[in-house]
Amino acid sequence: MRLILLGPPGAGKGTQAAFVCRKLVVPQISTGEMLRSAIAARTPLGLQVQRVMDAGELVADDTIVDLVKQRILADDCENGFLFDGFPRTIPQAEALAEANIAIDHVLEIRVPDDIVVMRISGRRVHEASGRTYHVRFNPPRVEDTDDHTGEALIQRDDDREDTVRERLRVYRQQTQPLVGFYRGRAALGEMAFSVINGAATVGEIEREISRVLRLPAD
Ligand code: AP5
Ligand code: MG
């Protein structure tokens, strides 16, 4: 199964990706997480992309496409994968199609802007694993502490309110056109396309996604 999760910042892509990947036993390929790891490790890629990410802009298409093509060669992608935050522009989607990387299902998670801002302002992240919490909606067992490792949680550098507004603007301008792109492909029978109401609770969204993807029950 090869899936794409499409949706604005704060839609819950990372949260739902973790759930779906556990169910389907496929890796979560989050380009945002890969870039943040590169920044933390101070690799040449990390140094190159840090300023762009902190400003809430998109990293160059070629850089991202190379990163993803390399990643999906790994053995763990043999039975499929879930793209979280990729593709994010029409050229990225076209690069996938040109490389004959077929996709089975695209899920668009829809959430209004005011909810996005509320979610992102309360987000806390375990930096090493990318595990995500929310101070109110999905709190860790101990405040500001990762449930699994006991390590401290942080706030992402690009989660300041003005940067979030810029990320929303960039989403609308550069990423939302992918909705029409994939709807068109789905109409030709190349893949399935589903809209998910992302304004519900985490559990309700899990159930909705389980229904459209026909995921196995626990
Ligand atoms: P990326 O890391 O992909 O960030 P994003 O798309 O802005 O999305 P987020 O991670 O902010 O939100 P999410 O949808 O994953 O929500 P989450 O589950 O965490 O990209 C970061 C940057 O990297 C980009 O700006 C760009 O610079 C660069 N980049 C990455 N990919 C790129 C690409 N392909 N091309 C070019 N550049 C690229 O949830 C948010 C919060 O809400 C959490 O606190 C969570 O606990 C909470 N929450 C989740 N669901 C619910 C719910 N149902 N109810 C209540 N709270 C909820
Ligand atoms: Mg995310």
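Order of appearance sets the numbers: ligands from 1, and atoms from 1 within every ligand.
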Considering distance alone, does some N or O of [X] sit under 3.5 Å from an N or O of ligand 1?
X: T31; result: yes
X: P87; result: no
X: R156; result: yes
X: M53; result: no
X: R88; result: yes

Have a look at [options] and point out the one with the heavy atom closest to [atom].
atom: atom 40 (C) of ligand 1; options: R123, M34, K13; result: R123
atom: atom 51 (C) of ligand 1; options: D54, V202, V170, I120; result: V202
atom: atom 57 (C) of ligand 1; options: Q174, R119, E204; result: R119
atom: atom 44 (O) of ligand 1; options: Y171, F137, Y133; result: Y133

Enumerate the atoms of ligand 1 whose separation from the nearest heavy atom of [X] is less than 4.0 angstrom.
X: G32; result: 1 (P), 2 (O), 20 (O), 30 (C), 31 (N)
X: L58; result: 36 (C), 37 (N)
X: T15; result: 17 (P), 18 (O), 39 (O), 45 (C), 49 (C)
X: P8; result: 14 (O)
X: L35; result: 23 (O), 28 (C), 29 (N), 30 (C)
X: I205; result: 53 (N)
X: G85; result: 31 (N), 32 (C), 33 (C), 34 (N)
X: G14; result: 13 (P), 15 (O), 18 (O)

Worksheet item: Between A192 and A186, what is the shortest heavy-atom contact and its length?
Response: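 Result for this residue pair: C-CB, 4.4 Å.
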Discussion item. Using a strict threshold of under 4.0 Å (side-chain N to carboxylate O), is an ion pair present between R160 and D54?
Written reply: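 Here D54 does not pair with R160 in a salt bridge, since their nearest N and O are not under 4.0 Å apart.
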Worksheet item: Do E166 and R169 sit within salt-bridge range, that is, some charged N less than 4.0 Å from a carboxylate O?
Response: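 Looking at R169 together with E166, the answer is yes, because their closest N to O distance falls below 4.0 Å.
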Looking only at heavy atoms, is any part of [X] under 4.0 Å from ligand 1, and if so is it the side chain, the backbone, or both, or is it neither?
X: N138; value: side chain
X: A200; value: backbone
X: A17; value: neither

Discussion item. So for R36, does at least one of its heavy atoms come nearer than 4.0 angstrom to any atom of ligand 1?
Written reply: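 R36 counts as a contact of ligand 1 under the 4.0 Å cut-off.
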Among protein heavy atoms, which lies nearest [atom], and at what distance?
atom: atom 27 (O) of ligand 1; result: E57 O, 2.5 Å
atom: atom 35 (N) of ligand 1; result: Q92 NE2, 2.9 Å
atom: atom 12 (O) of ligand 1; result: G10 N, 2.8 Å

Discussion item. If the test is salt bridge (Lys or Arg N to Asp or Glu O under 4.0 Å), which one of R165, R172, R119 qualifies with D113?
Written reply: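 That would be R172.
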Worksheet entry | Side-chain donor-acceptor pair present, Y133, D144, cut-off under 3.5 Å |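 No - no donor-acceptor pair under 3.5 Å links their side chains.
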Discussion item. Would you say CD of E57 has more than 12 non-hydrogen atoms from neighbouring residues, nucleotides or ligands within 6.0 angstrom?
Written reply: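 Yes, enclosed.
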